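Please read these numbers as outputs of a predicted model, since none were measured by experiment.
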Amino acid sequence: ASRKNSRAAPWGEKGFFLETDFAGDERNPNFVLPADSVPKRITMLLQEGVDQGKIEESMTFFREFYGT
């Protein structure tokens, strides 16, 4: 749920996941994004004008993917 990846995610074809995990920073391989970054990124996307329906659509994709 980095800012850069969060901004790119809503334009994926099927939906998107925001999750916390290792950040993939080669300079700091043990860096983990904090759990509270996901709700903060959703708020950021809404404030930047991403359609709420696109976010809700991705939640449906998430639920179907994980069977929840």
Checklist line | By side chain to side chain donor-acceptor pair (under 3.5 Å) - contacts of Glu48 (at least two apart) | finding: Arg7
[atom1] of [X] to [atom2] of [Y]: how many Å apart, nearest 0.5 Å?
X     : Y     : atom1 : atom2 : answer
Ile42 : Gln47 : CD1   : CD    : 12.0 Å
Arg41 : Asp36 : CZ    : CG    : 8.5 Å
Ile55 : Thr60 : CD1   : OG1   : 12.5 Å
Asp51 : Glu56 : CG    : CD    : 8.0 Å

